[in-house]
2 protein chains.
Amino acid sequence: MSLSTAEEQLMQLLWKREKAFMKDLIEEYPDPKPATTTIATLLKRMQDKKFVDYKQYGRSREYYPLVKKTDYFSKHVNGLIKNFFNDSAGQFASFFTRETDLSQKELKELREIIDSQLKTKQS
Amino acid sequence: MSLSTAEEQLMQLLWKREKAFMKDLIEEYPDPKPATTTIATLLKRMQDKKFVDYKQYGRSREYYPLVKKTDYFSKHVNGLIKNFFNDSAGQFASFFTRETDLSQKELKELREIIDSQLKTKQS
DNA sequence: ATAATTATTCTACATTTGTAGAGTTAATTC
DNA sequence: GAATTAACTCTACAAATGTAGAATAATTAT
């Protein structure tokens, strides 16, 4: 089960703050802010889907993610790779570096990373 | 407007064949194949969304994509980058090379690409 | 011609998603 | 301690999605 668009957006906010009360999450939204009940519903559904949980503090709940952003993200990318690149990460990577507008600095950084990875794999 | 999951799946098939009659598309599905009416509905919706069009041949239609796979794909990745990496492609790239299991060969290829891109940007 | 087949449209309906009002319970203020 | 506020839950409802039957139109086989 995965998150819907609205849920994912909310999840982003939660990832950003690590943990938060509903109140705080709503504040993060730009105007016009959604109704509290809207967010309550989303949070409930996200609980059902096992993406968040909470700690009760008095009458309010502090929500926190059950899924790491990077994990969630990886799944996404892997889905994309599977669909669009025949399950070849390499194919994806080359497409990506070609199509995306990386600055010279970014490209160099990336090469650094690759070099260090190559070294690691060497041994 | 973007494609729903089922529509996207169908779109993949259409991209694969460049163009196809409904019949052919249905054949590509693994069993249990969807009802023809299901596919017809999806194709209709995809037309409305301007993702496909068709040429009439006698009583049947040969469908073809209006959107290139790479363009569609780019939009996806850019969405991901925006959401997960604060709109920094570089951040995404480094995450990607770190997290994905690229083989040594793939890494080398990738470095080649980066080098050639660096050269291009130099001038 | 008539029956069977094919391709498409129209209609339908359950599920999921986006959004929020109304009601309930507990805490806070006057 | 009565009124107000805060935090949730329950219910609702419209729009989007997934799926397909029934109806229609055209085509081919008998």
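Chain letters run A, B, ... following the sequence lines, proteins first and then strands; every chain starts at 1.
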Please enumerate all protein N or O atoms sitting under 3.5 Å from an N or O of nucleotides 21-26 of chain D, with distances to 0.1 Å.
residue, atom, partner, partner atom, Å
D/dG21, N7, B/Thr37, OG1, 3.4

What's the separation between atom [atom1] in [X] and atom [atom2] in [Y], rounded to the nearest 0.5 Å?
| X | Y | atom1 | atom2 | answer |
| --- | --- | --- | --- | --- |
| A/Lys33 | A/Glu28 | NZ | CD | 8.5 Å |
| B/Met46 | B/Leu14 | CE | CG | 6.5 Å |
| A/Glu7 | A/Phe51 | CD | CZ | 8.5 Å |
| B/Leu10 | B/Thr5 | CG | OG1 | 12.5 Å |
| A/Leu110 | A/Lys108 | CG | NZ | 13.0 Å |

Please say whether more than 12 non-hydrogen atoms of neighbouring residues, nucleotides or ligands are located less than 6.0 Å from CD in B/Gln56.
yes
Rounded to whole Å, how long is the line connecting atom [atom1] of [X] with atom [atom2] of [N]?
| X | N | atom1 | atom2 | answer |
| --- | --- | --- | --- | --- |
| B/Asp48 | D/dA16 | CG | C1' | 13 Å |
| A/Leu43 | D/dC10 | CG | P | 15 Å |
| A/Met46 | C/dT16 | CE | C1' | 16 Å |
| B/Tyr54 | C/dA7 | OH | P | 15 Å |
| B/Leu3 | D/dT17 | CG | C1' | 12 Å |
| B/Glu62 | C/dT8 | CD | P | 11 Å |

First encountered from the 5' end of DNA chain C, between B/Gln47 and A/Leu42
B/Gln47
If you look at every strand shown and take non-hydrogen atoms under 4.0 Å, does A/Lys33 touch a base, only sugar-phosphate, or nothing?
nothing
Counting the atoms with a prime plus P, OP1 and OP2 as sugar-phosphate, which does B/Arg45 contact under 4.0 Å by heavy atoms, base, sugar-phosphate, or nothing?
base
Using every non-hydrogen atom in the two residues, find where B/Pro34 and B/Ile26 come nearest and quote the distance to one decimal.
O-CG2, 4.2 Å
Which atom names give the shortest non-hydrogen contact between B/Ser103 and B/Glu106, and what distance separates them?
N-OE1, 2.9 Å
Starting at the 5' end of DNA chain D, which residue's closest nucleotide do you reach first, B/Ile39 or A/Tyr63?
A/Tyr63
Which nucleotide in the set C/dT9, C/dT19, D/dT17 lies at the smallest distance from any side-chain heavy atom of B/Arg61?
C/dT9
Table please: side-chain donor-acceptor pairs of residues 64-72 of chain B below 3.5 Å, with sequence neighbours left out.
residue, atom, partner, partner atom, Å
B/Lys69, NZ, A/Phe84, O, 3.3
B/Tyr72, OH, B/Glu8, OE1, 2.8
B/Tyr72, OH, B/His76, NE2, 3.3

The correct set of residues in residues 5-32 of chain A placing a heavy atom under 4.0 Å from DNA chain C is A/Thr5, A/Ala6
Quick one: is A/Lys49 getting a side-chain N or O under 4.0 Å of the C/dT17 phosphate, OP1 or OP2?
yes
